[in-house]
Q: 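Starting off with a structure, shown below.
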Amino acid sequence: MRGLLMALGVLAVALSPIVGTVPARAAPDFDSAYVFESAYLANMAPGDTGTFSVFFQNTGALTWTLSTATQVNLATCRLDKVSCGVPPEHFSWNPGSWLSTTAYATQSKSDVVPGDSSSFFYQVKASTSTAPGTYRFNGDLVVAATGALIHPEGYYQEASVTGAPDQAPSDVQATIGDTNGVGGVNDVRVAFTAPARNKTTAYDVQRREGDCSAAPADTAFVKLATVTAQPGQTGTYIDLDRTNGTYCYQVRVPDPIRSSFVYSNQAAAVVTASTIGVVPTSTSAVMTQSGGIFTDRYYTGDKIDLVFSVAIKLAAASIRVADSDCGAPTSQAGPPAACMGTDSWTTSDVVCGVNASCVLSLDRKTLTIMLTAPPTQVAPGSVAGLQYPITIIEGHGITDANGTAWDLAGSADRVFGPVGQ
Ligand SMILES: [Ca+2]
Ligand SMILES: [Ca+2]
């Protein structure tokens, strides 16, 4: 036996140069070559999802065919690059779409003939609690049916997570008050809590005309101010002197990773009592008392109440009135009836402090005028005297706090008399 073994050993040595010259062995059934991969995922924020893809070429003899014994998977490997077909360290990044607990993905082409390539792609999701850092995902191709590694390459890709972005407030509220004593209840106070975990202390307060039906990024939102608020503290902004209307407020903070913003909830404010931009009109004109001297005409002792849409002030106030010599006006809004032929109105002036006492109510919205003497006639008209109903055709020295004149033509009621009307 010993001699024979020796002889075979000599034979083997003698034959080995000959073996080296035979043609290359045929390709193994399964083999692969790494081709390329997608870029690493950078600047992911907690909660973000990204996709990795990698291409491998089939350099073996068999076609890789899905759902058969020759299906090829991209198996998961641990960070040591050699422990494959086991759950990887970062399995928690599986958004639920990985092929299994031990494979990221299968071949994306159903058939990959020898020489052809296929991608393998899968998603990774950074949970909201992921700490900033770089996370590596290792893998290699395996025969799906057996888990056998085809040609270990040490494939990996990486995802980088930055710190959690700043959050927008979630408790924005808008309340209306009279902060500066100008223009009535028309100051909108926007208040919010700065999220406790934020790094930023700068919050943009935005306003949009109209209700809160718009998308946060709607360009109709305009920035009013950048409010400083420490984490966990309250930020406030007061939007002064709004005109009447509906407004939508929101707060945003920059999201530099996405070159964008994150937005708060929206809060609407409906301003109804502002006098800014409101033209004073009379909403009611009623004769409340007759002087008793005449029952058919406006005369000494008659008292009227004029109610205005906003608080008013008086400065050498007077009104000019026209009567109904040409017929009654068609509505309480006036004007006096048009005159036919030679008919004409009687017109007269009522001047506060001269032939009338003029008193404003506490809220300055009701003006009570009592004639202390006959109105001062301007034009005699067709019939002597000021026959009811009376229409106010001019007002002087009766304005809102800003000096805006009483809009007679736009008033709902400027006709009064007889008493009770
Ligand atoms: Ca105000
Ligand atoms: Ca008359």
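Source: prediction; values computed, not measured. Quick note: residue numbers are just sequence positions, from 1. Counting starts at 1 for both ligands and their atoms, following the listed order.
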Q: Of all N/O/S atoms in D241, which lies nearest to the Ca ion (ligand 1)?
A: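 Closest to the Ca ion (ligand 1) among those atoms: OD1.
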Q: Would you please classify the geometry between the F55 ring and the F36 ring as parallel, tilted or perpendicular, with 30° and 60° separating the classes?
A: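 Parallel: the ring planes of F36 and F55 meet at under 30°.
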Q: Whether the N402 and T404 side chains hold a donor-acceptor pair (N or O, under 3.5 Å, no angle test) is what I'd like checked.
A: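 Checked: N402/T404 side chains show no N/O donor-acceptor pair below 3.5 Å.
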Q: Which class fits the ring pair W93 and Y135: parallel under 30°, tilted 30 to 60°, perpendicular over 60°?
A: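 The rings of W93 and Y135 sit tilted, inter-plane angle from 30° to 60°.
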Q: Report yes if some heavy atom in the side chain of T295 is under 4.5 Å from a heavy atom in the side chain of Y299; otherwise report no.
A: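 Not in contact.
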Q: Is any protein N, O or S atom closer than 3.0 Å to the Ca ion (ligand 2), and if so, which?
A: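 Protein N/O/S atoms under 3.0 Å of the Ca ion (ligand 2): D323 OD2, D325 OD1, D325 OD2, T346 OG1, V383 O, G385 O, Q387 OE1.
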Q: Please tabulate, for the side chains in residues 82-92, all donor-acceptor contacts under 3.5 angstrom to protein atoms that are two or more places apart in sequence or on a different chain.
A:
residue, atom, partner, partner atom, Å
S83, OG, D80, OD1, 3.3
S83, OG, D80, OD2, 2.6
E89, OE1, L79, N, 3.1
E89, OE2, L79, N, 3.3

Q: Examine S274 and say whether one of its N/O/S atoms is closer to the Ca ion (ligand 1) than 3.0 Å.
A: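 No, since none of the N, O or S atoms of S274 sits under 3.0 Å from the Ca ion (ligand 1).
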Q: Could you tell me the angle subtended at the Ca ion (ligand 1) by O of V182 and OD2 of D187, rounded to 10°?
A: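 Computed angle, vertex at the Ca ion (ligand 1), rounded to 10 degrees: 140°.
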Q: Can you tell me if, anywhere in N180, an N/O/S atom lies at a distance from the Ca ion (ligand 1) that is smaller than 3.0 Å?
A: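 Short answer: yes, at least one N, O or S atom is under the cut-off.
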Q: On the 0 to 90° scale, with breaks at 30° and 60°, tag the Y40-Y156 ring pair as parallel, tilted or perpendicular.
A: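 Rings of Y40 and Y156: tilted, as their planes differ by 30° to 60°.
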Q: Does the side chain of S274 come under 3.5 Å of the side chain of N186 through a donor N or O and an acceptor N or O?
A: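 There is such a pair (donor and acceptor under 3.5 Å, judged by atom type) between the side chains of S274 and N186.
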Q: Fit a plane to each ring of Y388 and Y298, take the angle between them on a 0 to 90° scale, and name the class: parallel (under 30°), tilted (30 to 60°) or perpendicular (over 60°).
A: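 Rings of Y388 and Y298: tilted, as their planes differ by 30° to 60°.
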